[in-house]
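Contents: one structure, followed by commentary.
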Amino acid sequence: MASLARGAASLSRITISTAKSPVQLIHRRGLAGAADPHGPAKVNFWQDPMSPSKWKEEHFVIVSLTGWGLLFFGGYKLFTGGKGKKEEQLVKAPH
């Protein structure tokens with residue numbers, strides 16, 4: 001909604017008579033919206049492992065998905081008895 005308002009405001013400042021080409025009417029956003037300079041600084045998860053609220057978003061996602069994967073795999077191994085591929089042992093018959 002805010003981007004529409006900004007676009008309308010920028011279009012109202014540029015009149016069709018002053019625009020040299022339609023390309024000038026396109027709003028270019030740049031990279032300014034990606035950072036939040038007023039919020040707390042985000043850190044890598046290994047720099048502050050006990051405070052997930054301070055982690056970078058992509059690090060939080062990676063750690064969370066890894067934890068859930070380990071939880072499900074551990075539960076699977078627990079409930080299946082940890083049975084993997086067993087090799088048959090040859091039992092020698094007594095002579």
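Just so you know, these numbers use all the heavy atoms, side chains as well, and skip hydrogens, waters and symmetry mates.
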Among all residues two or more places apart in sequence or in another chain, which pass the side chain to side chain contact (heavy atoms under 4.5 Å, CB included) test with Asp48?
Val43, Ser51, Lys54
Check the surroundings of atom CD in Glu57: do more than 12 heavy atoms from other residues, nucleotides or ligands lie under 6.0 Å from it?
no
Rounded distance [0.5 Å steps], NZ in Lys42 versus CD in Gln47:
13.5 Å
Once rounded to the nearest 0.5 Å, what's the spacing between atom NE2 of His59 and atom CH2 of Trp46?
4.5 Å
Which heavy atom of Pro49 sits nearest a heavy atom of Trp55, and at what distance?
O-CZ2, 3.3 Å
What is the distance from atom CG of Leu65 to atom CG of Leu70, rounded to the nearest 0.5 Å?
11.0 Å
